[in-house]
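These notes are about the structure you will find just below.
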2 protein chains.
Amino acid sequence: MEYKTEQEFLKSYNPDDYDRMAVVNDILLLSISNVEKENYRKLDEKCFSILLVKRDTFPFKDKWCLPGGFLNVKLGLEENARDILARETNLHNIFLEQLYTFGAVNRDPRMRVVSTAYMALIDKNQLKEQLNKNAEWFNIKMQETGDLITVQLNSSKQDLNFVVQKILKESTTDKYEYKIVENDYLAFDHPEIIIAGIDRFRNKILYTDIVFNIMPPIFTLSELQQVFEIALNKKLLVTAFRRIVADKVVKTKQIQTGGGHRPSVMYKYEKS
Amino acid sequence: MEYKTEQEFLKSYNPDDYDRMAVVNDILLLSISNVEKENYRKLDEKCFSILLVKRDTFPFKDKWCLPGGFLNVKLGLEENARDILARETNLHNIFLEQLYTFGAVNRDPRMRVVSTAYMALIDKNQLKEQLNKNAEWFNIKMQETGDLITVQLNSSKQDLNFVVQKILKESTTDKYEYKIVENDYLAFDHPEIIIAGIDRFRNKILYTDIVFNIMPPIFTLSELQQVFEIALNKKLLVTAFRRIVADKVVKTKQIQTGGGHRPSVMYKYEKS
DNA sequence: TGAATAGTGTCTGTGAGACAATATTAT
DNA sequence: ATAATATTGTCTCACAGACACTATTCA
């Protein structure tokens with residue numbers, strides 16, 4: 001069939017002539033938790049935490065998953081992700097970055113579903129609004145042994161864990177694929193999304209200002225250093241660390257006391 | 001309606017209850033061209049080049065676009081991208097990296113289409129196979145003035161150009177959006193994809209080994225430096241450059257002569 | 001008072017920038 | 001011989017790693 005004009009062509013175009021697929025957004029909501037220490041002098045330990053939602057419908061009923069939802073045909077991709085986030089958490093205007101698009105053939109048992117995952121960063125302590133009743137924050141502990149990554153997720157309600165294998169993609173030197181080796185609690189391929197997101201955060205913390213999206217408006221340099229340390233998974237020397245962030249933060253007049261030791265000056269982020 | 005088991009739920013699940021959308025892959029095929037110099041002693045200049053295809057069907061009939069196609073429901077996302085590439089270029093086993101997923105509401109006049117763009121790197125001089133008759137390599141010249149990026153595409157058949165505006169995304173310090181300001185020749189939002197791909201290559205050239213995917217198997221260090229210089233859009237000092245790549249390349253026994261000057265040793269890539 | 005963190009000073013070695021010097025070729 | 005690029009040497013300066021030292025708090 002031949003068309004003379006674009007209008008004519010579009011008029012006769014029928015989407016139903018093609019295979020059915022769906023597009024969804026899944027959102028990795030990343031924050032920092034404090035794990036309180038017994039000793040009043042010691043600093044709280046910190047760790048990453050993520051928001052998971054317990055599914056009360058099929059598929060994967062009773063398993064946990066990232067907040068997500070189908071793409072509304074009237075919304076742009078990121079707009080749709082923000083919409084989902086607002087529904088699940090009542091959060092607005094937060095940092096959102098497209099992470100990766102997952103499109104394995106059988107990642108969803110219902111039909112062919114392509115998921116564009118987003119990473120959102122917040123300081124969950126600022127979160128005043130009530131969470132959805134099925135939503136829950138989980139603290140993350142990760143352990144890497146060889147090419148296996150073991151992840152433990154702890155919350156007041158339940159503890160979950162999974163294991164993924166990190167595989168260097170063929171013909172690359174810096175791209176990894178994550179294959180799920182063990183996973184009894186999470187729905188879909190969400191373990192992969194979680195790992196990919198934490199990896200992205202880790203990779204960007206040194207050469208961007210991404211970290212300040214996960215921090216409160218004002219913070220001490222020790223707190224900031226702790227976040228760097230859990231992201232990079234190693235201890236940093238104080239001097240070196242302060243040099244890294246020196247031109248990204250400015251002193252405020254506030255001081256944090258109460259720790260049984262010299263109080264710290266609080267800083268805020270300032271673009272250089 | 002209540003379901004007892006996942007099987008029962010899936011059996012009654014009807015994809016047609018939801019809005020129609022399509023998923024496509026578009027592929028930015030990036031290579032390097034030599035622009036020959038008049039003086040036999042001088043080095044050839046190099047520039048990026050990309051493969052575009054002239055559309056012979058609606059929509060955007062007679063405009064140029066990136067090689068792309070609908071997602072086959074039986075293929076994974078990357079697998080589908082490789083399939084498209086094989087169809088358009090007869091190329092197999094080449095470097096392919098997911099670039100970004102574009103999902104603006106009206107990016108395709110036919111229906112809601114989400115495009116996961118991939119970046120492919122090759123040395124097009126190695127390309128022995130015949131290209132599709134509508135496909136053509138275009139040399140790229142980019143110029144940045146303020147927040148405007150002017151792009152000129154030259155081929156033996158036709159010259160194209162477009163202008164995009166680079167906009168820092170709100171609440172970020174390192175993410176840009178590209179708004180098309182002027183574009184008479186390219187279909188869809190493909191100017192954005194082109195810019196995003198070149199940007200990705202530029203950003204990764206310093207901290208990954210991505211560049212070797214666009215190089216021939218053996219090359220001189222001057223050639224490699226030229227590629228760095230067009231990617232980074234600045235001259236590099238020889239000494240500094242050689243230090244950067246020193247642990248990524250090894251000498252071969254081959255020597256390149258014929259340039260009216262001291263011949264160069266040819267090197268090959270070796271993972272460090 | 002002492003255990004703990006906050007914050008600053010400084011030495012040293014590495015590595016990037018800058019530039020100079022030498023090598024080799026085709027015309 | 002000359003114009004061009006190829007390749008190596010080396011000086012300097014900035015900066016990161018390492019570590020020491022001082023400051024300050026509260027049970």
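Order of the sequence lines fixes the chain letters, A, B, ..., with proteins taken first and strands second; residue numbering starts at 1 for each chain.
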* Asked: In a check of side-chain contact (heavy atoms from CB on, under 4.5 Å) between B:Ile198 and each of B:Ile140, B:Ile193, B:Ile230, which one passes?
  -> B:Ile140

* Structure fact -> By nearest-nucleotide position on DNA chain D, the 5'-leaning member of A:Arg41 and B:Val265 is B:Val265

* To do: Verify whether one side chain among B:Ser31 and B:Ser49 offers a donor that lies under 3.5 Å from an acceptor in the other.
  => no

* With B:Trp64, the ring pair (Phe, Tyr, Trp, His ring centres under 6.0 Å) member among B:Trp137, B:Tyr185, B:Phe162, B:Phe138 -> B:Phe138

* Asked: Taking atom P of D:dA6 as reference, at what distance in whole Å does atom CZ of B:Arg242 sit?
  -> 8 Å

* Just checking, any donor-acceptor pair under 3.5 angstrom between side chains of A:Glu136 and A:Ser156? -> yes

* **Footprint string (nucleotides 15-22 of chain D, 5' to 3'): B base within contact, S backbone only, - free, heavy atoms under 4.0 Å** => -BBBB---

* Measure the distance from NZ on B:Lys251 to P on D:dA6 and round it to the nearest whole Å. => 14 Å

* Asked: So where does chain A start and stop touching DNA chain C, 5' to 3', when the test is distance under 4.0 Å to a non-hydrogen atom?
  -> C:dG2 to C:dT10

* A:Gln152 side chain to A:Asn161 side chain, donor-acceptor N/O pair below 3.5 angstrom -> no

* **A:Leu224 and A:Val211: CA distance, side-chain angles, deciding distance, side-chain contact (heavy atoms from CB on, under 4.5 Å) verdict** => CA-CA 8 Å; A:Leu224 187 60; A:Val211 67; 4.1 Å; yes

* Asked: So, A:Lys37 and A:Glu45, do they make that salt bridge, N to O below 4.0 Å?
  -> yes

* Structure fact -> Residue pairs meeting ring pair (Phe, Tyr, Trp, His ring centres under 6.0 Å), one or both in residues 252-272 of chain A, sequence neighbours left out, come to A:Phe212-A:Tyr269

* Asked: 5'-most contact on DNA chain D: B:Tyr267 or A:Tyr40, nearest heavy atom basis?
  -> B:Tyr267

* **Spacing between A:Lys42 atom NZ and D:dA27 atom P, to the nearest angstrom** => 17 Å

* To do: Consider the side chain of B:Ser222, meaning its heavy atoms from C-beta on, and name the nucleotide among D:dA6, D:dT7, D:dT2 that approaches it most closely.
  => D:dA6

